[in-house]
Amino acid sequence: MAALGVVAFSLTFPATAWGLEGFGPWSLVAVRSLLAALIAGGCLLALRVPLPGRRHWLGLAVVAAGVVLGFPLLTTLALQTSTTAHAAVVVGLLPLTTALLSALRIGTRPSRTFWVAALAGAAAVVAFTVQQSGGALTTADAYLFGALLVCAAGYTEGGRLARVMPGWQVIGWALVLCLPLTVPATALALAHEPVRLTAHGVAGLLWVAAGSQFLGLVVWYRGMAAIGVPKASQLQLAQPLLTLVWSVLLLGEHLTVAAPLTAAAVLVCIAVTQRSRG
């Protein structure tokens, strides 16, 4: 389940790049969240799912702020000036960030081997980022690093909640919780940003709404609940490699030698983290 989530997430950046061909950045983020909330709300209503307990609403708010609003907005802003290949490898830091927050929030204690492999993967990502930016971080990198923090918080809290409620309900209620913000934001963004409906634009929007924002997170949270947040998070080290493949196939981007080498290096770290014992 966690691996299926990673596959879905790996298409997010190429789909966002497609979506930006027809929508402005604020419109794309607002509309994707609104569409995903309508899908999730429809499922919750159809199955007559009761409201979560009061003790779960703070955790759902963290998921909403990090996964529904923060990460999509910050990565979309970054992709206005960054290639999907570069953004994908920078976001390779997400597994380590999630594992660290999980240790602090949930009290998980992975082995020393786990941390060595996770740090090695993170070091490869940082080296790639500095090399690609000529030794200085760009504005896009600042957006991406901010996205890492808020998304890791959303993943950690969502993984914790998925132990006490189905994973699809975690993201479903988080999306519904954002409706008071996404409805006016959609109206405001569409009124101020031009929309040009193209096949790529519509396809990209539909994927980031239904695939990345809902279905991918459904299986992702279910996987995290089953194998634990740290191990599930390290599977995301494969995400940059998959996104690099999609960026070539779907966007025609040309990769530097460093990009696939970095992705391959962090892929090796996955095997180590998955074989390590907590």
Side-chain angles (χ1 to χ4, degrees), residues 5-6 8-21 23-37 60-101 122 125-126 128-130 132-133 136-158 171 174-175 177-178 181-182 184-186 188-190 192-193 204-205 207-209 211-214 216-217 220 233 236-237 239-240 243 246-247 251:
V6 170
F9 300 154
S10 70
L11 278 161
T12 300
F13 286 172
T16 299
W18 273 9
L20 287 171
E21 293 180 15
F23 299 86
W26 296 93
S27 297
L28 182 61
V29 172
V31 174
R32 71 178 274 185
S33 298
L34 178 59
L35 290 178
L60 289 171
V62 174
V63 176
V67 177
V68 177
L69 299 177
F71 186 79
L73 176 60
L74 291 171
T75 53
T76 300
L77 292 174
L79 285 171
Q80 291 185 102
T81 56
S82 172
T83 65
T84 58
H86 177 80
V89 181
V90 173
V91 172
L93 277 173
L94 184 55
L96 177 62
T97 310
T98 303
L100 287 170
L101 289 184
V125 171
V126 171
F128 169 83
T129 304
V130 174
Q132 290 291 293
S133 60
L137 296 179
T138 64
T139 301
D141 288 327
Y143 284 135
L144 291 169
F145 287 128
L148 290 177
L149 293 175
V150 297
C151 189
Y155 281 172
T156 300
E157 202 64 23
I171 186 56
L175 285 164
L177 189 64
C178 291
L181 294 175
T182 54
T186 299
L188 187 63
L190 290 176
H192 288 82
E193 289 182 337
L205 170 63
W207 178 257
V208 294
S212 303
Q213 195 84 66
F214 184 62
L217 286 166
W220 175 245
S233 69
Q236 255 190 320
L237 285 170
Q239 188 173 321
T243 300
W246 298 129
S247 68
L251 304 176

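Only heavy atoms go into these numbers, but all of them, side chains included; no hydrogens, no water, no symmetry mates.
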Quick one: does [X]'s side chain get under 4.5 Å of [Y]'s, heavy atoms only?
X: V150; Y: L74; answer: yes
X: E193; Y: W26; answer: yes
X: T75; Y: F71; answer: yes
X: S212; Y: L11; answer: no
X: S27; Y: H192; answer: no
X: V62; Y: V67; answer: no
X: T97; Y: L100; answer: no
X: Q80; Y: L77; answer: yes

Which atom names give the shortest non-hydrogen contact between [X] and [Y], and what distance separates them?
X: V208; Y: A15; value: CG1-CB, 3.7 Å
X: A36; Y: A209; value: CB-O, 3.3 Å
X: A8; Y: G211; value: CB-O, 4.3 Å

Parallel, tilted or perpendicular: which one describes the rings of F9 and W220, with boundaries at 30° and 60°? perpendicular
Side chain to side chain donor-acceptor pair (under 3.5 Å) involving T16 - partner list, sequence neighbours excluded: none
Just verifying a value: how many Å separate L94 CG and L144 CG, rounded to the nearest 0.5 Å? 11.0 Å
Kindly compute the distance separating OG1 (T98) from CD (Q236), expressed to the nearest 0.5 Å. 6.5 Å
Applying ring pair (Phe, Tyr, Trp, His ring centres under 6.0 Å), name anything that partners Y143, two or more places apart in sequence or on another chain. none
Tell me, please, which residues at least two apart from F13 pass ring pair (Phe, Tyr, Trp, His ring centres under 6.0 Å). none
Can you tell me which residue among V29, L175, L60 is in a side chain to side chain contact (heavy atoms under 4.5 Å, CB included) with V68? L175
For S33 and T182, test the side chains for any donor-to-acceptor distance below 3.5 angstrom and give the result as yes or no. no
Mark yes or no for whether Q213, through its side chain, and P72, through its backbone, hold a donor-acceptor pair below 3.5 Å. no
For A140, does its backbone N or O pair with a side-chain atom of T81 as donor and acceptor, under 3.5 Å? no
